[in-house]
Amino acid sequence: MSEAPLLEVANLRTTFDTPRGKVVSVEDVSFSVPRGKTLGLVGESGSGKSVTSLSIMRLVGRGGGQVEAGTITLRGNDGAGIDVLSLPERQMREVRGRDMAMVFQEPMTSLDPVWSIGDQIAESIRLHHGASKREARAQAVEMLRLVGIPAPERRVKDYPHQLSGGMRQRVMIAIALSCRPGLLIADEPTTALDVTIQAQILDLIRRLQAEIGMSVLFITHNLGVVAEIADRVAVMYSGQVVEEGPVAEIFANPRHPYTVGLMASIPGGDHGLKDGHLPTIGGAPPNPLDRPAGCRFAPRCTLAKDACRAAGPALEEVAPQHKVRCIRWQEVTR
Amino acid sequence: MLRTATKIVRDPEMALGVAIMAVLVLVAVAGPFIWRVDPLKVNVLNSLLPPSLDHPMGTDDVGRDVFARFIWGAQVSIGVALAVTVIGTLVGGVLGLIAGLLSGAVDLVLSRIMDAILAFPPLILAMAVAIGLGTGMVSAMVGVILAAIPWYFRLLRGEVLRLRHMMYVESARALGASNMRLIRHHILPQTVSTILIQASSVFSFSVMTMAALGFVGLGIQPPVPEWGTMITEGLAYALTGQWWLGLFPGLGIFALAVAGNVIADRLRDIYDPKSGLGIGG
Amino acid sequence: MGRFLAERLWSAVLTVLGASIIAFVVLRALPTDPARLIAGPFASEDVLAQVRAQMGLDKPLVTQYLDYIVNFFTGDWGFSYAAGKDVLPLVAERLPASGELALFAFTIAFSLAVLLTVLVSYSGSRVLDGLLRAASFVGVGVPPFWISLLFLMLFFETLGWFPGPVGRGPAPPHVITGFYTFDYLLAGDIRGALTALRHLALPGFALSLASFGYLIRLLRANLLDVVHEPFITVLHSKGVPAFSAHFRHILPNAFLPTITAGGLILAQLLGGSVLVEQIFTWPGIGTLVIDGITRQDYAVVQAFILLSAVIYIVVNFAVDLLYGWIDPRVRRS
């Protein structure tokens with residue numbers, strides 16, 4: 001880790017105004033994505049993964065949210081950092097799609113139904129590279145070829161409804177990568193797809209990552225997928241990062257009870273606590289409007305004691321590159 | 001249920017719609033007891049007086065008090081619109097239920113008929129019926145009801161088909177529930193809100209269409225003061241300075257129609273915030 | 001596409017049949033004596049018998065219906081006693097006036113509704129949105145014949161800005177299209193075209209209000225739906241500017257469904273301008289029909305009733321085809 005990470009998120013706090021009060025959906029979230037590597041961001045639905053990714057893209061405002069605190073730094077190839085949160089909207093728009101791009105969960109509804117897929121890819125290219133219509137169209141065909149769509153010259157004129165879900169997700173990836181961004185944010189890109197297609201899409205992302213040399217922030221609720229694709233992993237729970245570190249380290253040495261619980265739920269995994277303490281993640285994550293005062297995981301944690309409920313623990317470095325948000329991390333072992 | 005009730009009470013637009021409706025109903029119901037002027041009493045010496053304290057809405061060409069006639073017009077308009085809405089809901093709703101439950105040939109024929117009715121502009125259809133049945137209030141009402149029936153038909157048929165495919169109705173049917181039971185316990189409770197929304201729209205439609213029929217002389221016949229016919233009478237004096245004759249009855253129609261539409265719109269939002277438009281709106 | 005076309009055509013034909021049966025039942029089989037309707041209340045028994053025979057009322061109902069529908073589609077729409085003419089040419093000569101008024105009202109309603117809704121949604125202002133909603137309620141709730149009256153009192157009698165209820169104004173020297181505005185323009189007479197427009201203004205606006213209100217509601221609902229579609233977030237993640245997202249993506253998506261509504265509104269306007277025409281003594285079909293009603297000259301009214309349904313069905317069919325041609329989802333599947 002001598003090189004500065006491509007993306008650095010520090011102490012991010014994002015809130016939403018709702019009729020029933022302010023919801024802090026992401027709080028004190030910090031992690032970094034190394035250059036050319038993949039960070040897996042894991043958590044249950046509602047844990048704040050997607051809000052985190054939209055905060056990085058500065059797209060939470062559309063849903064009524066705002067980033068209240070924290071810093072997000074994106075470093076270009078020259079190593080110069082961009083302070084994403086203080087960028088004027090105009091420049092931010094240029095960053096979106098060019099320096100960082102996003103692939104979403106729902107390929108069926110992520111494309112404009114009345115634009116041909118070629119035009120939707122070309123739109124990005126024209127926007128960021130100022131290419132002519134003809135050039136952009138030619139590049140769109142190339143992108144379709146790159147993401148493995150057969151007969152791209154012909155398919156470029158197709159409309160989204162003519163494509164299957166897997167094909168649409170390939171188109172989404174083609175759009176996202178059309179300007180060769182330094183960072184790809186993939187928000188559960190395989191969740192809505194058939195299992196066989198899921199593996200294909202994962203392979204595709206991995207292959208293109210090597211080809212383009214980009215970093216990937218891969219968001220998923222599935223630790224199994226993380227094991228397969230990521231170099232580092234950050235586990236989120238109830239709006240906070242509870243554990244972050246290299247994949248090998250975390251899988252070998254999980255230090256947060258929630259991470260251990262998640263691992264136990266990987267099919268075919270042999271993970272579990274020693275001495276008969278099986279981690280049951282019973283119950284549900286707390287309502288964001290009414291979170292417990294101390295550790296947010298305490299109500300569901302078998303190890304919780306009074307000190308856990310008294311004050312929220314801080315993210316603590318327990319090994320090189322490995323951080324945990326638990327005061328009893330020493331007692332958590334595999 | 002309670003939450004819905006609070007939402008309705010707290011919605012300012014809904015409050016406005018209900019308030020307008022309430023004022024007009026009050027005028028219709030309590031008006032005759034407070035404003036004890038005979039709407040039919042002719043007094044040529046008092047003809048075409050502009051609004052004053054004696055005649056808040058002025059007098060017409062034969063000296064009748066326009067306000068007293070306005071009150072009577074409100075009674076007629078609201079009463080007829082209520083009757084039309086109730087009968088239309090029943091007939092259209094029952095036909096829709098039948099089509100949805102029996103499906104097959106019955107459904108096909110009924111649906112075709114409804115499509116054919118919908119091909120006529122509603123006002124033209126009402127006019128045709130009013131002519132065919134002979135001019136008068138009942139024929140006009142039948143015309144308006146006929147125009148409104150397909151809207152309810154489509155609504156109820158669609159709901160029945162949707163609900164029939166839902167799990168719990170399927171299982172209720174499997175347990176041997178009769179059609180009547182199915183309707184009473186499953187379909188009606190689910191569709192009350194949609195029916196209510198449609199009914200508010202139809203109420204507005206009825207007010208407007210009855211007035212239009214009255215305006216062309218196919219609706220309620222003089223001397224009964226009906227807002228539409230009152231506007232016709234006002235038309236003759238529109239360009240000679242007697243603006244009050246046409247203005248007030250039209251305001252009545254306008255207010256009643258807007259109130260109905262606002263209520264329908266708000267109900268739709270409250271019950272189903274995602275849906276866009278209903279039919280017949 | 002061929003299958004789609006055939007299905008729509010079949011459906012349209014069935015609906016025309018159904019509508020003709022309804023028109024027939026309503027006007028012929030109901031208790032009122034159709035001969036009495038045609039001949040008028042003061043006709044003698046002899047005349048009535050003559051009319052009955054002429055109309056084929058002594059034949060069985062099925063035969064009567066077949067005659068009726070064959071006559072309608074072969075252009076034999078009966079004879080107007082009031083005008084002393086066949087109904088078909090009578091209607092035909094009135095059609096351009098109604099067409100011009102309907103087209104004018106439609107153009108106003110459609111362009112204003114689209115313009116206002118799009119601008120308001122782009123501005124994102126809650127106040128403007130509230131005003132727009134209020135405008136739509138007013139548009140839908142205001143009786144066209146009443147607003148015609150108010151327009152006349154205000155803009156003609158009081159302010160004198162527009163001509164009164166005198167119809168279309170002077171006819172152009174050469175009637176080519178039958179639309180005075182176009183005919184004047186074809187003749188290069190700008191002043192004449194403006195005069196024609198001034199005559200169109202009041203009835204046109206009065207007629208447009210209901211469609212205007214309805215279109216606003218429809219477009220607004222569509223826009224709200226589209227704005228919340230996930231693909232809009234995707235657009236922003238691509239760095240597409242808000243303006244481009246709004247006008248090149250959101251608008252086309254929201255606009256497509258209104259094509260259907262627009263066609264039906266145009267059809268309704270053609271048949272629905274009855275009352276407004278009457279008030280402005282506009283020499284169109286509406287005035288003809290109201291005169292027919294008041295003079296109990298029912299041949300005209302009968303023809304018009306079925307005609308209005310047929311126009312509606314034909315326009316509906318045309319709009320379906322147009323929509324199928326424009327919307328890629330229908331076009332290629």
Side-chain angles (χ1 to χ4, degrees), chain B residues 13 17 112-125 127-135 139 143 146 204 207-208 211-212 215-218 227-228 231-232 234-235 238-241 243 245-247 249-251 253-262 265 274-277 281, chain C residues 11 14-23 25-32 37 133 137-138 140-147 149-150 152-153 156-157 164-165 214 217-218 220-222 224-225 267-268 271-272 274-275 278-279 289-290 293-294 298 301-302 304-305 308-310 312-313 316:
Chain B
E13 282 180 40
R112 277 287 157 210
I113 294 177
M114 296 300 159
D115 281 353
I117 295 179
L118 283 171
F120 296 92
L123 176 62
I124 308 299
L125 181 69
M127 277 170 46
V129 175
I131 293 168
L133 285 183
T135 314
S139 334
L146 190 66
S204 290
V207 170
M208 297 266 277
F215 180 76
V216 293
L218 287 174
W227 285 343
I231 294 180
T232 315
L235 187 61
L239 303 183
T240 53
W243 49 269
L245 287 176
L247 178 73
L251 267 184
I253 301 167
F254 176 53
L256 211 49
V258 167
N261 280 332
V262 168
D265 185 75
K274 279 183 141 181
S275 85
L277 284 168
Chain C
S11 168
L14 277 185
T15 314
V16 167
L17 279 180
S20 65
I21 294 176
I22 289 170
V25 169
V26 163
L27 289 169
R28 295 265 178 113
L30 289 173
T32 318
L37 281 181
R133 275 166 42 78
F137 280 125
V138 169
V140 174
V142 73
F145 53 96
W146 179 60
I147 201 70
L149 188 77
L150 297 192
L152 275 179
M153 294 199 287
F156 165 61
E157 198 214 350
Y214 178 73
R217 292 180 64 175
L218 187 69
R220 193 178 159 276
N222 289 345
L224 282 179
D225 281 352
Q268 295 258 12
V274 173
L275 305 183
Q278 164 77 4
I279 291 173
V289 170
I290 301 289
I293 293 173
T294 42
Y298 286 113
V301 183
Q302 277 188 14
F304 172 71
I305 286 165
S308 68
V310 171
Y312 183 87
I313 295 163
N316 201 352

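The chains referred to below are lettered A, B, ... by the order of the sequence lines, with proteins before strands, and numbering in each begins at 1.
The structure places CH2 of C:Trp146 at 10.5 Å from CE of B:Met208, a figure rounded to the nearest 0.5 Å. For the atom pair CZ (C:Phe304) and CD1 (B:Ile124), the distance works out to 4.0 Å, reported to the nearest 0.5 Å. Atom CG in B:Leu245 sits 9.5 Å away from atom CG in C:Leu149 (nearest 0.5 Å). Separating the CD1 atom in C:Ile279 from the CG atom in B:Leu235 is a distance of 5.5 Å, to the nearest 0.5 Å. Atoms CG and CZ, from B:Asp265 and C:Arg217 in turn, are 5.0 Å apart once rounded to the nearest 0.5 Å.
Here the closest heavy-atom approach between residue B:Ala212 and residue C:Phe145 is recorded as CA-CE2, 3.6 Å. Across B:Ala116 and C:Ala19, no two heavy atoms sit closer than the pair CB-N, 3.4 Å. Nearest heavy atoms, C:Thr15 versus B:Ala119: CG2-CB, 4.2 Å.
Of the listed residues B:Ala255, B:Gly234, B:Ser204, B:Ala211, the one with more heavy-atom pairs under 4.5 angstrom with chain C than any other is B:Ala211. Of all the listed residues (B:Ile231, B:Val216, B:Val258, B:Asp115), the one sharing the greatest number of non-hydrogen pairs under 4.5 Å with chain C is B:Ile231. Of all the listed residues (B:Leu247, B:Ile113, B:Ile117, B:Ile253), the one sharing the greatest number of non-hydrogen pairs under 4.5 Å with chain C is B:Leu247.
Contact of B:Thr240 with chain C is made through the backbone alone, with heavy-atom distances under 4.5 Å. Of the atoms belonging to C:Ile305, heavy atoms from both backbone and side chain fall under 4.5 Å from chain B. Looking at C:Arg220, neither its backbone nor its side chain comes within 4.5 Å of chain B, counting heavy atoms on both sides. Contact of C:Leu152 with chain B is made through backbone and side chain together, with heavy-atom distances under 4.5 Å. Proximity to chain C is absent for every atom of B:Leu256, based on heavy atoms less than 4.5 angstrom apart. Only the side chain of C:Val301 comes within less than 4.5 Å of a heavy atom in chain B; its backbone stays farther off. Contact annotation for C:Val138: both backbone and side-chain heavy atoms come within less than 4.5 Å of a heavy atom of chain B.
Scanning for ring pair (Phe, Tyr, Trp, His ring centres under 6.0 Å) contacts around B:Phe120 gives an empty result, with sequence neighbours left out.
B:Phe215 places none of its side-chain heavy atoms less than 4.5 Å from the side chain of C:Ile290.
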